[in-house]
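Sequence lines set the chain letters: A, B, ... in the order given, protein chains first and strands last, and positions in each chain run from 1. Keep in mind that this is a model prediction, so the values were computed, not measured.
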Number of protein chains: 2
Amino acid sequence: MLMHNPPHPGEVIKELCLEPLELSVTKAAEGLGVSRKTLSSIINGKSGISPEMAVRLSIAFDTSSESWLNQQTQYDLWQAEQHRKELRVKRLSAA
Amino acid sequence: MLMHNPPHPGEVIKELCLEPLELSVTKAAEGLGVSRKTLSSIINGKSGISPEMAVRLSIAFDTSSESWLNQQTQYDLWQAEQHRKELRVKRLSAA
DNA sequence: AAAAGCGTAACCCGTTACGTTGCACTTCGC
DNA sequence: GCGAAGTGCAACGTAACGGGTTACGCTTTT
């Protein structure tokens, strides 16, 4: 169970990848092989990191694709957990 | 980096949740609050486990939603990694 | 044989990632 | 002041996917 709101994975990209290398969104998008808008959407929290994008990031920044996608998973899961009480689900476990 | 093809998360649901409790797809779907088809699609690998479904599973089977969604992430990532070489991405890291 | 329950394929809908184009805004250098 | 570059954003379209409803085939039960 996660305790606090995880940041947009896009923020992490901006802070850990673009800013240290002084890369513009345009340049980074070009290098990643996606459109400017696609990267911009991710950085601004409008879109999530897709599995393919995770692989692109891993190539461009020599990191692990798993870490990127896990960040996105944690973020999505936190969103879903916020509505846990609204789900009408019966307990099916051995109990 | 993952070494071998991870199983469909749906297979795990079937083997670890339904069969031990002798639950039919219909009964399990009813308990989870989704349609028969939705659960059937997951079990047969046609659909993945969504964040919301992960929370449903965690409630119904008293497990962690994180583990379910991570399984899905690993599966999706393995699929994406299979096309790693086809992506035209430039190295942007310090190197 | 008729009825009931089960699993799944077919079809439609809403959402999302992604691309393209265009526009408005800011920040530079001239 | 002016143009170029960078950025964000809205609107269009495409493709893929999760989910519901319906309908069909199969098995089991009565």
Side-chain angles (χ1 to χ4, degrees), chain A residues 8-11 13-15 17-19 21-60 65 68-69 71-73 75-80 82-83 86-89 92, chain B residues 8-11 13-15 17-19 21-60 65 68-69 71-83 86-89 92:
Chain A
H8 295 277
E11 292 181 22
I13 294 177
K14 185 176 183 181
E15 295 172 9
C17 299
L18 304 197
E19 292 177 352
L21 298 176
E22 290 182 344
L23 275 172
S24 68
V25 173
T26 302
K27 291 290 185 185
E30 187 181 325
L32 287 166
V34 299
S35 73
R36 195 166 56 94
K37 178 196 176 350
T38 296
L39 182 57
S40 175
S41 294
I42 293 173
I43 286 181
N44 292 290
K46 306 296 177 61
S47 300
I49 296 181
S50 65
E52 183 183 301
M53 182 60 70
V55 175
R56 289 184 188 275
L57 289 168
S58 75
I59 298 174
S65 56
W68 289 113
L69 205 49
Q71 279 186 49
Q72 185 63 49
T73 296
Y75 182 78
D76 293 341
L77 188 52
W78 190 86
Q79 305 289 343
Q82 301 310 110
H83 304 101
E86 303 166 20
L87 300 178
R88 293 190 285 93
V89 180
L92 300 174
Chain B
H8 295 278
E11 291 181 22
I13 294 177
K14 186 176 182 180
E15 296 172 7
C17 299
L18 304 197
E19 292 178 351
L21 297 176
E22 291 182 343
L23 276 171
S24 68
V25 173
T26 300
K27 289 290 184 184
E30 186 181 326
L32 288 166
V34 298
S35 71
R36 273 183 303 162
K37 179 222 177 312
T38 296
L39 183 55
S40 175
S41 295
I42 294 173
I43 286 181
N44 292 289
K46 306 295 180 58
S47 301
I49 296 180
S50 65
E52 182 183 302
M53 182 59 69
V55 176
R56 290 183 187 276
L57 289 169
S58 75
I59 299 174
S65 56
W68 288 114
L69 206 49
Q71 280 185 49
Q72 185 63 48
T73 296
Q74 300 309 313
Y75 182 78
D76 293 341
L77 189 53
W78 191 86
Q79 304 289 342
E81 286 285 1
Q82 301 311 108
H83 304 103
E86 303 166 18
L87 300 177
R88 292 189 285 93
V89 180
L92 300 175

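Within the nucleic acid shown, A:Ser50 comes within 4.0 Å of sugar-phosphate atoms alone, with no base atom in reach, counting heavy atoms only. Backbone-only contact: A:Thr38 has heavy atoms under 4.0 Å from sugar-phosphate atoms and none from a base.
Panel note: side chain A:Gln72, backbone A:Ile49; a donor-acceptor pair is recorded below 3.5 Å.
Rounded to an integer number of Å, the gap from A:Leu39 CG to C:dG19 P is 10 Å. Taking atom CD of A:Glu30 as the reference point, atom C1' of C:dG19 lies 16 Å away to the nearest angstrom. Between A:Gln72 atom CD and C:dT16 atom P the separation is 12 Å, expressed in whole Å. Protein atom CG of A:Leu69 is 14 Å distant from nucleotide atom C1' of C:dA17, rounded to whole Å. Rounded to whole Å, atom P of D:dA16 lies 12 Å from atom NE2 of B:His83. Straight-line distance from the CG atom of B:Leu87 to the P atom of C:dC18: 11 Å, rounded to whole Å. With rounding to whole Å, A:Gln79 atom CD is found 19 Å from D:dG18 atom P. Look at CD on A:Glu52: it is 12 Å from C1' on D:dA16, rounded to the nearest Å.
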Is there a side-chain contact (heavy atoms from CB on, under 4.5 Å) between A:Ser40 and A:Ile43? Walk through the geometry before answering.
CA-CA 5 Å; A:Ser40 175; A:Ile43 286 181; 5.8 Å; no
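For B:Ser47 and D:dG18, the shortest distance from a side-chain N or O to OP1 or OP2 is below 4.0 Å.
A:Ser41 pairs by the side chain to side chain donor-acceptor pair (under 3.5 Å) definition with A:Lys37, not counting sequence neighbours. Residues meeting the side chain to side chain donor-acceptor pair (under 3.5 Å) test with B:Ser47, sequence neighbours left out: none. In this structure A:Glu52 satisfies the side chain to side chain donor-acceptor pair (under 3.5 Å) test together with A:Arg56, sequence neighbours excluded.
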Give each protein N/O atom lying under 3.5 Å from an N/O atom of nucleotides 6-15 of chain C, with the pair distance.
| unit_1 | atom_1 | unit_2 | atom_2 | d |
| --- | --- | --- | --- | --- |
| C:dG7 | OP1 | B:Val25 | N | 3.3 |
| C:dG7 | OP2 | B:Val25 | N | 3.0 |
| C:dG7 | OP2 | B:Thr26 | N | 3.0 |
| C:dG7 | OP2 | B:Thr26 | OG1 | 3.2 |
| C:dG7 | N7 | B:Arg36 | NH1 | 2.8 |
| C:dG7 | O6 | B:Arg36 | NH1 | 3.4 |
| C:dT8 | OP1 | B:Asn44 | OD1 | 3.2 |
| C:dT8 | OP1 | B:Asn44 | ND2 | 3.4 |
| C:dT8 | OP2 | B:Ser40 | OG | 2.8 |
| C:dT8 | OP2 | B:Asn44 | ND2 | 2.9 |
| C:dA9 | OP2 | B:Lys46 | NZ | 2.9 |

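The shortest side-chain heavy-atom distance between A:Ile42 and A:Pro9 does not fall under the 4.5 Å cut-off.
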Under 3.5 Å, which donor-acceptor pairs do the side chains of residues 21-34 of chain B form with other protein atoms, sequence neighbours left out?
| unit_1 | atom_1 | unit_2 | atom_2 | d |
| --- | --- | --- | --- | --- |
| B:Ser24 | OG | B:Lys27 | N | 3.1 |

Which letters describe nucleotides 25-30 of chain D, given B = protein heavy atom under 4.0 Å from base, S = only from sugar-phosphate, - = neither?
------
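For the residue pair B:Ser65 and B:Ser58, the shortest heavy atom distance occurs at N-CB, 3.5 Å.
In this model, a donor atom of one side chain and an acceptor atom of the other lie less than 3.5 Å apart for B:Gln79 and B:Tyr75.
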